[in-house]
Structure formats: structure tokens, C-alpha cells
Amino acid sequence: MSIYTLGIDIGSTASKCIMLSDGKEIVAKSLIDVGAGTSGPQRAIDQVLEEAGKTREDMSFILATGYGRNSLEEFADDQMSELSCHAKGAAFLFPEVRTVIDIGGQDVKVMRVENGIMTNFQMNDKCAAGTGRFLDVMARVLEVDVEDLGALGAQSTKYVGISSTCTVFAESEVISQLSKGTDKRDIINGIHQSVAGRVAGLAHRIGIQDQVVMTGGVAQNTGVVGALQNALGHEVHTSPLTQYNGALGAALFAYQKYKKAHKDK
Amino acid sequence: MSIEVLLNEFAEISEHPHRQIEKFKAEGKKVIGVLPYYAPEELVYAAGMVPMGIWGSNKKTISHAKEYCATFYCTIAQLALEMLLDGTLDDLDGLITPTICDTLRPMSQNFRVAMEGKLPCIFLAHPQQRKPTFGLQFTMDQYQHVKGELEKISGNTITDEALRTAIKVYNRNRAARREFVVLAGQHPDVVSAVKRSAVLRAAYFMIKDDHTAKLEALNAELRALPPCDWKGKKIVTSGIICDNPKLLQIFDDNKIAIAADDVAHESRMIRVDAAETGDPMMALAQQFADQDYDILLYDEHSSENRRADFVVKKIKDSGAQGLVLFMQQFCDPEEMEYPYLKKALDAAGIPHIKLGVDQQMRDFGQASTAIQAFADVL
Ligand code: SF4
């Protein structure tokens, strides 16, 4: 009989679940666009169970991760930091990975992975610069959808520098560019470069080694990925499962923990 | 008394410094606020008054102090002023304002201006060159000034004999605290990170004889315990201060023991004793001269990176697997020292994390993630 494990990643802006069978096959996944402190986690759990046609009782081990990981104490069997889970998930998707860059809603993390295990990491300070939140704010000022940033930035023909890394100052810089009549697409491109510069700075603190994998919601923005590639001078790999990466890692750890507990007995 | 009762008593005092001030005042004692760093508290004790350490607050928010301070002053300095302005420290009879860093220097004048006519503020400038004869003389002159001002407030003359007694009391207290730091590192199952901090923090709010008596009793109990077989991780902490119970709880939740510390508020302040014989003013000046491996003090051998090597050795000696650095926001000295510390840690293969903190932080979500992940990589 298969062993089912569930990984739940409760981020600051989204809740994600991955269900695995035997620590190998993805059975079901769910994503709700609100995170910690909302109904998001519960809805994501309900959805993934429904999609797989399973119940809580069918799950051998449930592991929570992400900013809101402590809020599931009653439901989950254990919890782990999202850094360890992101490293784990990335190593599953890209066995050769050495560097994981995760840009989430409110923070940026860079992890060194050796043989599938996280050995070092860096996180941004409290500041929102270079995070998903930064892009949200910029998209709002520019009156475009955050999902469209990648495609729009790709049409840029001219380099416009956004020098401030501070979200507040960068916002005024963008507004002043808009009032000068600068093309939005060039501004967006500048914003992507600014994010990439900030993230590259953090990544250099632990050193970049191939393969570099980018995870988290922002990895869907091709503009940021491209700019980061240039800033780092290394190819940056992404996966369609990028947003689920933390939950995937959690489900993998859940499987490991289940196996360990049952071997000990 | 049981270990738990003693630890709880320390925690009570640590969490309620204001009750201590009220108690001292009710007993008819005068209380002198002492700001960081290296003020000769022995003089306050010898004058028959009670020194209260003021290292900011974990419960206040900066509001009144904004009128006086640039936003890039650290919260320790700003919150000290806040508590003077909002009435929290109204019962003080005086304040000693050392000026060791670029924040405390201008702050000493803010304290003076803000407290004009309300509270005597005693200015204290330590010399940069603390070891040569002229440096020792400078320190003595400064301490002489502090002594004179304390005598005015207390109405008592500070005799050499009283000062020698004070030095003995303080040496004994420092020795007890040093021993406690070692014992706490050996028995993390009994002394959690939260409780360890409370014991050390309470020293700033108690008459030292009382703190010593309680602590020696606790140390005796800890010494009698069987060795602890710690299954979790062990780290060394560094930084100016990390006394927020909510932040320290994260260590306990993740089974991370504090094996030793290089924290200003904890071990950096109790490393060096003063001579109990001879001229007591000279003994205090010499004690300051003998302080080493401190980011705030000039090191004539700075090119040798001795402080970082000292921290590396501390980590190795304590059996810790890594270092957690609490970086106070806007603290120039700590920020400037960091690259040298990082270099030495990297060279020694000791993992570390740097956590940005300030005393107005109420949410430790990010710190919790980083600490938990750090435990995973150790
Ligand atoms: S925290 Fe840093 S800046 Fe603030 S008083 Fe202490 S040494 Fe000075």
C-alpha cells in the first residue's frame, strides 16, 4: 500500500499544498492566494484532499512549513523552516542543484545545497526590497497586473535605471519616471534589474555555484529570472512547480520522518 | 531553595525593574541610573546608593524621544531617553551617561538637555588610549568627577575604604555571573535560554550583594547536578544585547543551547575584575584599561584581528557548533566589526548567522525561520 504524505507551505501571501505517494509521485497539489492568518491554509488543505479523494486519516505524515507553520500545530505532525524545505524541494526537482534562490512575498533567501542537503543560507533583513511585495507595489504604481510584468519588461528597448533598493524611494523614482513620460515597459525592465541586483548581492555572500535554481512565486516572472541570470553570470533554472517548491520539500521531509519513525519501532 | 524557584525569582525581577526602583525608594535609598558601557558602578555602591542599569527596554516604543534623536540612533539609546521622558524613570536621583560610541556621545547631551533641572546627569568620557599612564590618569580624572557628583547627590563622602568594599562586592558578583554562564552552558536542560538571560539581566536591577547571594545559591545547585546529555545544538551568542524573552524562546523551542556568549550586556561586562588592594580609584581605572576584545574599545593591535580570534576561541572552547550574532540596528561599532568577525569565523569553518534586531521588534517570525534553519545546518 502506498504511503501518503502532505506538505503544507503557509507563506505570507499564499498557501500551498503538495501530496506525495511514497515520497516520489505528486498525487495532488493546491494553491490559494492568501496566506498566514487567513482561511487560505484550511482551504488549500481541503482542496488538495478533495482533489486526491483522500482524508486526513489517509495521510501518514503531515509537515507544515512557511511563515505560518506554527499555526497548524493541531493538524500537522511536525513543522520545519521553509529554508530547509525549499532546499529539499529544489534538490528533488533538480538533483544537481547547488544554489537555491527563493524570492517569496516578503523575503529573499539564498541557500547552498550539497548532496541535496542545505549547508548554508542567507536571508534578507526586515526590508521588503527585492521581494514579491516590492514587485506588487511597483505593479500598482504602474497600473499593470503583477503577472504581466515579465511579458511587458521583455518588450523594453531602453535601459532605465531604478537606483533605489528601498521600496518607498523606488516608488517615487518610478512615479517621477512616469511623469517624465518614460515608457512603462522600460521602467518595468529597470525594476527587474533592481530586484536582480539586490538578490545577487545577497547571493554573493554565500557564493554562487551551478546549478542555480530559482523558486518561489517571483520565479514565474521571466523578466526577473533573465535579469538575475545576467547579474549572476550563471544560468538560472526554474520549474513549473516553482510556487509549490516549499510544500514539495515539506512533503518529502514528511516522508523521511515517517520512514525514520517506523524504522525505529 | 530549588533551582526552579530561584530561576523564577530572577525572572520576576528581570521582568519588573520598575518594582525594584519602587522598593529601593520605599526603603529610603537613592537610585542612580547607569547607561552602558563601563561606568564604574562601584562608586555608586560606595556612595550608599543603588545603581540601576538602563539598557533600553523591550516593552516601550519610541515617541517622545523622537523630538531629540535622529532616526538612525539605536533603540537602546532612544528608549533610555524615552523612559526618562515618559515618566518611567521619574524616581531616579541621578544618571551616569558614558560616551563610548558615536551614538552615546551626542545622546549624553540630549539626556542633559531633556533632564535639565529635573535629574542630575553625570557625564563620563572614557579615554581611547586607556592603557598608557596618561590614559589611566585620564580615566582616574573622569572617575574623580563622577565620584564628586555622586557625593553631591548622596550627601555622603566616598571613602577609600567604602570603595574597596564596593570593589570586593562587585568582584564577587562578577565571579558568580561568570560561573553561572559556564554552568548554564553545561546544563541547558535546566537553564533555558530565556531563564539564563533573566538571571544575567536581573543583575542590573538588584543590589549586588542580593544578586550574588541568590546566584551563588543557584550555582551551588547547578554544580550538584549530574552532567547533562544534551541532544540539541549548542551555539554562542554575540552582539550588544539579546534579552527579549520572546526572541530567546525560539532557541528553547528549537532545542538550541547557549553554550557561552560574547554579548555586551552579558559576558563582555563581567570579564575583568578590579584590584582589591591599593588605591581603589587606580584599581577602577586599571580595570577599564584591562578590558580587551571589545568592539567598543580601541585595540592597539587591531590589525591582528584579536577580537575575532578571541570569539573563535570562545566558540571552540565552549563546544558550540556555531555563532548567532544579534546585530542591533544602526549600531555602527558592531556593523563595522562584523566583516572581521565573519572572516575569522569563515577561516575557522564555524557557521554563523547574523540577525538584525532592535528593541522595538515585537514579531520574530523571520528570526524564528532563520534560527530554525540554522539549527538544521549545524
Ligand atoms: S547599540 Fe551600538 S550604537 Fe547603540 S549605544 Fe550600544 S554601541 Fe552605541
Heavy-atom proximity to chain B below 4.5 Å, by part of Met123(A)
side chain
Under a 4.5 Å heavy-atom criterion, the part of residues 367-378 of chain B in contact with chain A comprises Ser368(B), Thr369(B), Ala370(B), Gln372(B), Ala373(B), Phe374(B), Asp376(B), Val377(B)
Within residues 67-84 of chain A, which positions have a heavy-atom distance to chain B below 4.5 Å?
Tyr67(A), Arg69(A), Gln79(A), Met80(A), Ser81(A), Glu82(A), Leu83(A), Ser84(A)
Region of Leu355(B) that comes under 4.5 Å of a non-hydrogen atom in chain A
neither
Atom NZ of Lys59(B): over 12 foreign heavy atoms under 6.0 Å
yes
For Phe94(A), is the CZ atom crowded, meaning more than 12 foreign heavy atoms sit under 6.0 Å from it?
yes
Return the CD to NZ distance between Gln366(B) and Lys109(A), rounded to the nearest 0.5 Å.
8.5 Å
For the CD atom on Glu304(B), are there more than 12 heavy atoms of other groups (residues, nucleotides or ligands in this structure) within a distance under 6.0 Å?
yes
So does Glu4(B) have more than 12 non-hydrogen atoms from other groups sitting under 6.0 Å from CD?
no
Count the heavy atoms belonging to other residues, nucleotides or ligands that lie under 6.0 Å from CZ of Arg133(A), then report whether that count exceeds 12.
no
Would you find more than 12 non-hydrogen atoms of other residues, nucleotides or ligands less than 6.0 Å from Lys234(B) atom NZ?
yes
